[in-house]
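As structure tokens, the structure follows; a few thoughts come after it.
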2 protein chains.
Amino acid sequence: MQGMGRWEPNARGRLEQAALELYLERGFEQTTVAEIAKRAGLTERTFFRHFADKREVLFWGSGTLQEQLVNAVADAPESATPMDAIAAAIESAGVLLQLRGESARQRQAVIAANTELQERELIKLASLSAALAEALRRRGVAEPAASLAAEAGIAVFKIAYVRWIDETGGPDVSRLIRESFDELKAVTAGR
Amino acid sequence: MQGMGRWEPNARGRLEQAALELYLERGFEQTTVAEIAKRAGLTERTFFRHFADKREVLFWGSGTLQEQLVNAVADAPESATPMDAIAAAIESAGVLLQLRGESARQRQAVIAANTELQERELIKLASLSAALAEALRRRGVAEPAASLAAEAGIAVFKIAYVRWIDETGGPDVSRLIRESFDELKAVTAGR
DNA sequence: AGCCTGATGACAGTCACTGACATCGCTGGA
DNA sequence: TCCAGCGATGTCAGTGACTGTCATCAGGCT
């Protein structure tokens with residue numbers, strides 16, 4: 001069966017929860033790993049057995065997101081252009097994040113307040129871009145078109161997501177994403 | 001006058017040199033700041049007076065690059081579209097990097113071998129993107145067009161630069177950049 | 001009951017980074 | 001010429017992230 005903890009269950013989840021709370025209360029830098037572990041009823045050493053470093057605790061969901069994106073590209077109809085496939089994937093990812101709602105906003109607030117966390121987020125996005133490009137190549141898209149389409153998709157996502165976070169009562173993510181894709185098309189056409 | 005050191009001159013330059021050498025010889029993680037300082041004839045504490053952290057020593061040039069990009073956007077003719085201005089800026093930056101030639105390749109080799117350094121590079125690129133977007137806004141370009149054009153330009157730059165690094169004897173950067181812009185236009189048009 | 005396995009605790013150690021204070025080598029003025 | 005001031009460097013002690021190692025503990029299996 002799966003590796004469920006034997007003692008108090010869900011040690012990883014408790015660590016995630018404790019970390020997010022403390023990062024929100026005191027800020028990322030002002031929080032020590034020892035404090036996180038203590039709040040979760042564990043030790044510092046155990047924290048590092050579950051997460052590679054102090055930042056990674058905020059980025060657990062990125063694996064799921066990557067699968068979602070890759071599957072969406074793979075499942076796009078044969079007739080779809082590369083950009084169609086990317087747009088479909090980005091939209092589906094947007095929907096996923098919209099479901100997380102308030103917790104997504106909290107997470108972004110923590111990240112926005114700290115440069116180290118922004119670095120980590122950027123490399124996660126780069127990883128998503130690489131996965132998208134790879135998925136396009138499996139559809140037969142050549143380089144550099146695959147990488148460019150992937151990077152453009154991630155750029156659209158970044159911008160639409162920031163807009164969604166800022167406008168609290170605004171429109172849903174999907175619409176912002178579609179609008180941004182149109183905007184990108186218009187901008188790149190102007191040469 | 002400028003702040004030239006009073007003792008052995010150019011302490012910062014010696015630290016840069018020593019760091020690059022050691023990163024190339026042993027790798028970034030296997031090098032301690034104490035070793036860098038010793039090779040430069042200084043102490044660890046002095047290293048941190050010149051560079052915010054162990055990674056920053058590899059990214060000194062990024063300030064110059066940012067100025068170059070911003071100036072190029074500002075100097076683009078009135079008639080230029082946003083994407084024209086961005087393309088001109090990216091090309092001028094490419095030329096600048098091509099001048100650094102071999103040392104640019106060494107630097108990229110070190111960065112490519114280490115995830116932390118890639119994180120730092122990505123946030124520098126994000127900073128360039130923000131500066132480009134700001135420069136476009138000063139030309140009267142509205143959001144989100146400004147940010148999208150800037151992000152697209154940086155995406156093109158990333159991809160063209162990687163290609164240039166890989167193909168040792170290949171064409172010059174400018175041509176790769178122009179080709180990538182054309183490719184991006186074609187890809188985004190397909191929807 | 002006794003054994004095995006995986007998760008956790010305990011502990012020591014390295015290294016990045018910081019704050020506080022002493023020191024040194026020049027530079028400009030008395 | 002000499003000395004006061006200043007900026008760059010050295011010294012030292014300390015914090016906290018992260019790692020390696022070994023002991024320990026809970027539950028499953030026989």
Side-chain angles (χ1 to χ4, degrees), chain A residues 1-20 22-23 25-60 110-111 113-121 123, chain B residues 1-20 22-23 25-60 110-111 113-121 123:
Chain A
M1 196 146 289
Q2 303 206 96
M4 310 192 311
R6 283 93 211 266
W7 294 261
E8 293 302 316
N10 197 23
R12 161 173 268 128
R14 270 152 49 218
L15 286 167
E16 273 188 76
Q17 179 69 25
L20 181 58
L22 286 168
Y23 292 170
E25 290 172 16
R26 314 183 193 172
F28 176 80
E29 285 186 7
Q30 285 64 45
T31 303
T32 73
V33 174
E35 290 168 343
I36 298 170
K38 188 174 181 183
R39 182 172 292 205
L42 295 166
T43 64
E44 193 179 355
R45 191 66 185 84
T46 299
F47 177 94
F48 287 110
R49 288 200 178 94
H50 285 280
F51 302 102
D53 59 54
K54 192 185 165 189
R55 292 177 276 170
E56 197 63 19
V57 66
L58 281 175
F59 293 89
W60 235 128
V110 172
I111 294 173
N114 183 276
T115 305
E116 295 178 57
L117 293 174
Q118 291 163 33
E119 289 187 347
R120 180 57 52 86
E121 177 162 60
I123 207 169
Chain B
M1 196 148 292
Q2 302 205 97
M4 310 194 310
R6 283 94 209 266
W7 293 259
E8 293 302 315
N10 196 22
R12 162 172 269 128
R14 268 151 51 218
L15 286 166
E16 272 188 76
Q17 179 70 25
L20 181 59
L22 286 167
Y23 293 170
E25 290 172 17
R26 315 183 192 172
F28 176 79
E29 287 185 5
Q30 285 65 45
T31 303
T32 73
V33 174
E35 291 168 342
I36 298 170
K38 188 174 181 184
R39 181 171 294 203
L42 296 166
T43 64
E44 193 179 354
R45 192 66 183 85
T46 300
F47 177 93
F48 287 110
R49 288 200 177 93
H50 285 279
F51 303 101
D53 59 55
K54 192 184 165 190
R55 291 178 276 171
E56 198 63 20
V57 66
L58 281 175
F59 293 89
W60 234 137
V110 173
I111 294 173
N114 182 275
T115 305
E116 295 177 57
L117 292 174
Q118 291 163 33
E119 290 187 347
R120 180 56 52 86
E121 177 162 60
I123 208 169

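Each chain gets a letter, A, B and so on, in the order the sequences are listed, and its residues count up from 1. Quick caveat: nothing in here was measured; it's all calculated off a predicted structure.
Out of dG10(D), dG9(C), dA16(C), the shortest distance to the side chain of L42(A) is found at dG9(C). Side-chain atoms of T43(A) lie closest to dG9(C) of the nucleotides dG10(D), dG9(C), dA16(C). Of all nucleotides listed (dC15(C), dT11(D), dC18(D)), dC18(D) comes nearest to the side chain of D53(A). Listed nucleotides dA17(D), dG9(C), dA20(C) differ in distance to R45(B); the shortest reach to its side chain belongs to dA20(C).
For the pair E44(B) CD and dT15(D) C1', the computed distance is 14 Å after rounding to whole Å. One can place CZ of F47(A) at 17 Å from P of dA7(C), the figure rounded to the nearest angstrom. As rounded to whole Å, 14 Å separates atom P of dT18(C) from atom CZ of F51(B). As a whole-Å value, the separation of L22(B) CG from dC15(C) P is 14 Å. Per the geometry, CZ belonging to F48(B) stands 14 Å off C1' belonging to dG16(D), to the nearest Å. Residue I36(A) contributes atom CD1, which lies 8 Å from atom P of dA17(D) at whole-angstrom precision. One can place CD of E116(B) at 10 Å from P of dA16(C), the figure rounded to the nearest angstrom. As rounded to whole Å, 12 Å separates atom C1' of dG16(D) from atom CD of E29(A).
Across all their heavy atoms, A113(A) and Q118(A) have their closest contact at N-NE2, 4.4 Å.
Side-chain N/O atoms of H50(A) include one lying less than 4.0 angstrom from OP1 or OP2 on dT8(C). The side chain of T46(A) places no N or O atom within less than 4.0 Å of a non-bridging phosphate oxygen (OP1 or OP2) of dA7(C).
Scanning atom types as modelled, one donor and one acceptor separated by under 3.5 angstrom connect the side chain of R49(B) and the base of dG10(D).
A11(B) comes within 4.0 angstrom of the backbone, heavy atoms only, and of no base.
Side chain of K38(A) to main chain of E44(A): no donor-acceptor pair is present (N/O by atom type, distance under 3.5 Å, no hydrogens or angles). No donor-acceptor distance shorter than 3.5 angstrom exists from the side chain of E56(B) to the backbone of D53(B), with no hydrogens or angles considered. T46(B) places no side-chain N or O within 3.5 Å of a backbone atom of L42(B) that could act as its donor or acceptor partner.
Relative to the ring axis of F51(B), R12(B) places its NZ or CZ within 45° and under 6.0 Å from the centre.
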